[in-house]
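Excluded from the calculations below are hydrogen atoms, water molecules and symmetry mates; all remaining heavy atoms, backbone and side chain alike, are included.
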Amino acid sequence: MHSFWIIFKQAFMTKARTKSFIITTVIVAAAFFLLANLPGIIESFDGDEEGQVLHVIEDSGELVPQLQAQLAQSDSEIQAMPTDMSEEELQQGITEGTIESYLVLEEGDRLSARYVSESANEMGAGSAVENAVRAIQTSMTAEQLGLSGAEVEELFMPADFERQAVSATSKTEEELSQARGLVYVLILLIYVAVIYYPNMIAMEVANEKSSRVMEILISSVSPVKHMFAKIAGIGTLGIVQMMIFGIAGYFAFQTSGSNMAEGFFSVMGFSEIKVSTFLVAILFFLLGYFLYAVLAALLGSLVSRTEDVQQLMLPMMFLIIISSFIAFSGIGMPEASYVTISSYIPFFAPLVMFLRVGMLDIPLWEPLLSIAIMLATIGVLGWFGARVYRGGVLMYGSSQSLKDIGKAIHLGNKK
């Protein structure tokens with residue numbers, strides 16, 4: 001057991017000290033702080049319209065006060081003012097940077113407006129002006145039809161629309177809205193982790209073989225013990241990194257001063273975070289990791305050069321990508337039959353079953369059955385992977401085909 005912990009510690013510390021691991025951890029932690037402060041950053045960019053003067057060309061002289069009233073009612077900082085300058089002079093001012101924008105209003109059967117600014121991609125100020133002009137047009141139309149303000153308000157009042165599901169497993173629309181964003185983010189994290197950490201194991205095994213360190217290791221430690229020590233070491237490193245991400249995310253949102261019940265966070269479902277969702281995410285992360293880690297160690301043992309790892313990892317990558325497609329598409333229709341069936345397939349279950357648990361009220365036996373199938377698959381794959389690993393670590397030379405699995409098993413039986 002002493003040798004197991006030595007390899008475990010070596011696998012953990014070697015990867016934890018690499019620049020790529022440290023940089024990745026810092027970037028993701030910084031991304032959480034960026035996400036937490038995103039509303040404030042957006043507001044700072046929107047603040048460009050503060051004090052902006054909108055030059056208005058119109059003949060009657062009555063539309064500018066109405067426009068300014070509508071802009072003020074929408075809390076816009078834009079100041080609308082009439083101008084005597086021609087369009088050529090205004091365009092020249094925009095080109096020189098002395099004027100930010102202007103508006104041409106023309107009355108007819110309907111009010112027409114033309115908003116001119118330096119860039120067509122301008123969103124904040126342009127949208128505010130457009131909404132104000134539409135409000136003026138509505139007011140003018142109501143006046144022509146003899147409608148009062150209360151009648152206009154009643155006319156545009158939206159209908160009460162409620163979604164109700166008959167299915168016993170379906171959640172309410174409110175519950176789905178609260179869960180959708182959080183489940184999406186956690187599925188993305190599980191997807192990245194299941195790709196990143198098993199690939200790290202395969203690269204580590206191939207690197208030890210290419211440097212001939214493997215020959216020294218297997219002379220004192222059994223290949224099977226070596227494989228599981230590697231898997232446990234990298235897995236622990238993954239858990240530590242995820243804990244760092246979790247702590248960084250928690251403090252980022254706590255120190256940002258953002259209201260989790262409003263705006264972006266409310267849309268993403270962060271206002272009603274359930275601890276059970278995170279616990280289920282951790283469980284499926286661990287199951288997905290061990291499932292793919294054994295497969296990655298098996299494939300990594302077949303190659304002698306790190307350059308060959310990616311080619312042999314392609315089948316595993318395709319499995320992960322397919323499962324992610326099913327999971328992400330299933331966010332919009334979690335009760336689809338293909339989602340249900342996929343949630344019991346071991347290589348798809350870590351993402352798809354977690355999706356169903358997060359989005360639906362399914363019976364307890366369904367996730368338990370999926371977990372049992374995954375545990376059985378991990379056991380079988382671990383037994384088979386150990387046999388391949390035992391012979392694969394002794395194979396050198398060009399090895400870029402899954403056909404070499406038979407050779408590795410045959411060589412391992414001789415050992």
Could you tell me whether the side chain of [X] and the main chain of [Y] form a donor-acceptor pair under 3.5 Å?
| X | Y | value |
| --- | --- | --- |
| S343 | T340 | yes |
| E58 | L105 | no |
| T98 | G93 | yes |
| S323 | I320 | yes |
| S324 | I321 | yes |
| Q68 | A80 | yes |

Answer yes or no: is there a side-chain heavy-atom contact under 4.5 Å between [X] and [Y]?
| X | Y | answer |
| --- | --- | --- |
| P350 | F285 | no |
| F284 | I371 | yes |
| K230 | Q10 | yes |
| E335 | L360 | yes |
| L295 | P198 | no |

If the test is side-chain contact (heavy atoms from CB on, under 4.5 Å), which one of I99, I94, I57 qualifies with V116?
I94
Is the Y292 to F347 ring centre distance short of 6.0 Å?
yes
Rounded to the nearest 0.5 Å, what separates atom [atom1] in [X] from atom [atom2] in [Y]?
| X | Y | atom1 | atom2 | answer |
| --- | --- | --- | --- | --- |
| L291 | M316 | CG | CE | 9.5 Å |
| I239 | I244 | CD1 | CD1 | 12.5 Å |
| F348 | I326 | CZ | CD1 | 5.0 Å |
| I322 | L351 | CD1 | CG | 12.0 Å |
| R356 | M353 | CZ | CE | 5.0 Å |
| F290 | L381 | CZ | CG | 13.0 Å |

Test: ring-ring contact (aromatic ring centres under 6.0 Å, His included). Region: residues 319-338. Which pairs qualify, not counting sequence neighbours?
Y184-F328
Give the ring-plane orientation class for W5 versus F8, where under 30° counts as parallel, over 60° as perpendicular and anything between as tilted.
perpendicular
Output, in order, the C-alpha distance, side-chain angles, deciding distance and verdict of side-chain contact (heavy atoms from CB on, under 4.5 Å) for H55 and E89.
CA-CA 11 Å; H55 298 266; E89 292 174 324; over 6 Å; no
Taking all heavy atoms of [X] and all of [Y], pick out the closest pair and write down the distance.
| X | Y | value |
| --- | --- | --- |
| L287 | M374 | CD1-CE, 3.6 Å |
| A16 | L237 | CB-CD1, 3.7 Å |
| A11 | I234 | O-CD1, 3.8 Å |
| L355 | A327 | CD2-O, 3.4 Å |
| V133 | A113 | CG1-CB, 3.8 Å |
| Q70 | A132 | CB-CB, 3.7 Å |

Test: side-chain hydrogen bond (donor to acceptor under 3.5 Å, both in side chains). Region: residues 231-241. Which pairs qualify, not counting sequence neighbours?
T25-Q241, Y197-Q241
Please evaluate residues F354 and L283 with respect to the criterion side-chain contact (heavy atoms from CB on, under 4.5 Å), reporting the C-alpha separation (whole Å), side-chain torsions for both, the decisive distance (0.1 Å), and the verdict.
CA-CA 9 Å; F354 170 69; L283 174 62; over 6 Å; no
